[in-house]
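Notes to accompany the following structure.
Note that these values count all heavy atoms, side chains included, but never hydrogens, waters or copies made by symmetry. Lettering of chains follows the sequences in order, A, B, ..., and the numbering in each one begins at 1.
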Amino acid sequence: MTAHAHEHHDAAGHHAGHHEEAGHHDAAGPHDPKGTVKLYVTIFVALLVLTAATVAASYVELGRWHVPVAIGIAVFKALLVLLFFMHLLGGSRLQWLVVAAAGCFATIFVSLVGADYASRNWYLPTPTPLEVREWQPAELPPASKAAPSPAATGEATRAAAAPSETVSPEASP
Amino acid sequence: MTSSAGAVAHHFANIHQQRTAARLGMWIFLLTEVMFFGGAIATFCIYRVLHADVFAKAAEELSKPLGTLNTVVLITSSLTMAMSVVEAHTGNRRRLLGWLLATMGLGVTFLGIKGIEWYTEYAHHRVPGLNFTPDELGPTAELFFACYFALTSLHALHMIIGLVVMGVLVRLAYKGRLGPERFIPVEVTGLYWHFVDIVWIFLFPLLYLL
């Protein structure tokens, strides 16, 4: 069985499509299973250490670095899985193309959604960051408190939707 | 893939072209999954920014220890899945079966721990649409839990699909129909499983740690 497989492999080696195969075979193939296992265990340990690091970092007061650290570690972990467990490293150029396409399009879509939310108040004379009014117990009933601040004009539709939301918890019990 | 081991379908020039096509197909499917989860995660992130205070307080209700444990379980299952691929290449049927079953066991463990978490949240009346009752955090917390249940259940659904596919692989391996000439089914399932792992790698800090 194995001998036949190798023979087949060599015969196909002359085909044009083989170069895309070569890297993958080296990474996960039967040629060096021991080295592959060693690499996998190393990556596994690295992932465990990074998990411990991200949990530990969540207990530390990092201020505005809290989110970048958590996301940074997650991206690094994802890269380890992608490059080594999924064999993107040494994979064919087609695989890289697909991953790059996924990355590009995800970035475009998420950026556009973010740009929409970030720029919703920009038409105001003095653009202010978008603020969402949270539910406040003292604020009830909101209908009587009609004192629109100049910056809140753009929030008209949002504010209109808020009262129905804020009344329901009081109404249900 | 055709039913007989290592056979080349008539529309492929050789087995290598066929394998490259199979891998590429899975990568393209995973690309669509990036769009799918990307949209869901982006929704969560925007609400997380808009309702920063309430979301941060609501997230504290989740169990960090259980979330961490589940992360470790899933990372370990990625290692055992990678080992399955190695053994599919070497053709050691017993080890292949062992690693596949270990991966399935870890996957079921993950879902079990997730189930315990979900039950705890149900017991605390935190399931939107089922029994959500606002407390001092107000109704905005419902938005957090809606996102939380949507994201974790979509992820769990992907894991269940992965487990079903692995069940098929176990059957194939048991019958001796996987090996050095036919490892692609194990390989593409591995790609899928690692992707599901990557999704959790992002969900864990976003939901539990921020």
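Counting non-hydrogen atoms of other residues, nucleotides and ligands closer than 6.0 Å to CZ of Arg93(B) gives a total above 12. Environment of OH in Tyr122(B): sparse, with no more than 12 heavy atoms of neighbouring residues, nucleotides or ligands closer than 6.0 Å. Surrounding CZ of Phe76(A) are at most 12 heavy atoms belonging to other residues, nucleotides or ligands under 6.0 Å away.
The closest side-chain heavy-atom distance from Leu206(B) to Ile71(A) is below 4.5 Å. For the pair Leu191(B)/Phe85(A), no side-chain contact is recorded, criterion being any heavy-atom separation below 4.5 Å from C-beta on. Residues Phe204(B) and Val55(A) are in side-chain contact: their nearest non-hydrogen atoms beyond the backbone lie under 4.5 Å apart. Side-chain atoms of Ile198(B) and Met86(A), non-hydrogen and from C-beta on, do get closer than 4.5 Å to each other.
For Thr76(B), the parts sitting under 4.5 Å from any heavy atom of chain A are the backbone and the side chain alike. Contact annotation for Leu209(B): both backbone and side-chain heavy atoms come within less than 4.5 Å of a heavy atom of chain A. With a 4.5 angstrom heavy-atom cutoff, Thr51(A) touches chain B only via side-chain atoms. Contacts of Ala82(B) with chain A are made by both backbone and side-chain atoms, with heavy-atom separations under 4.5 Å. With a threshold of 4.5 angstrom between heavy atoms, Leu82(A) approaches chain B through its backbone and through its side chain. Only the side chain of Ile46(B) comes within contact range of chain A, judged by heavy atoms closer than 4.5 Å.
Shown here for Ala78(A) and Ile201(B), the closest heavy-atom pair between the two residues is N-CG2, 4.1 Å. A pairwise comparison of heavy atoms in Ala106(A) and Val34(B) identifies CB-CG1, 4.1 Å as the closest pair. For Trp27(B) against Val99(A), the heavy-atom pair with the smallest separation is CZ3-CG2, 3.3 Å.
Looking at residues two or more places apart in sequence or on another chain, you find a salt bridge (Lys or Arg N to Asp or Glu O under 4.0 Å) between Glu117(B) and Lys114(B). Scanning for side chain to side chain contact (heavy atoms under 4.5 Å, CB included) contacts around Ala156(B) gives Leu111(B), Trp118(B), with sequence neighbours left out.
Pairs engaging residues 58-73 of chain B under the side chain to side chain donor-acceptor pair (under 3.5 Å) rule: Ser58(A)-Lys64(B), Glu61(B)-Arg126(B), Thr71(B)-Trp200(B) [sequence neighbours left out].
Chain B is approached within less than 4.5 Å, heavy atom to heavy atom, by His66(A), Val67(A), Ala70(A) from residues 63-70 of chain A, ordered by number.
The most heavy-atom pairs under 4.5 Å with chain A, out of Ser78(B), Gly179(B), Ala88(B), Gly190(B), come from Ser78(B). The candidate from Tyr59(A), Phe105(A), Phe109(A) with the greatest count of non-hydrogen atom pairs under 4.5 Å with chain B is Tyr59(A).
Note: Phe44(A) CZ to Met83(B) CE = 11.5 Å, rounded to the nearest 0.5 Å. One finds the CG atom of Leu94(A) at 5.0 Å from the CG atom of Leu24(B) (value rounded to the nearest 0.5 Å). Going from atom OH of Tyr117(A) over to atom SG of Cys45(B) covers 12.5 Å, rounded to the nearest 0.5 Å.
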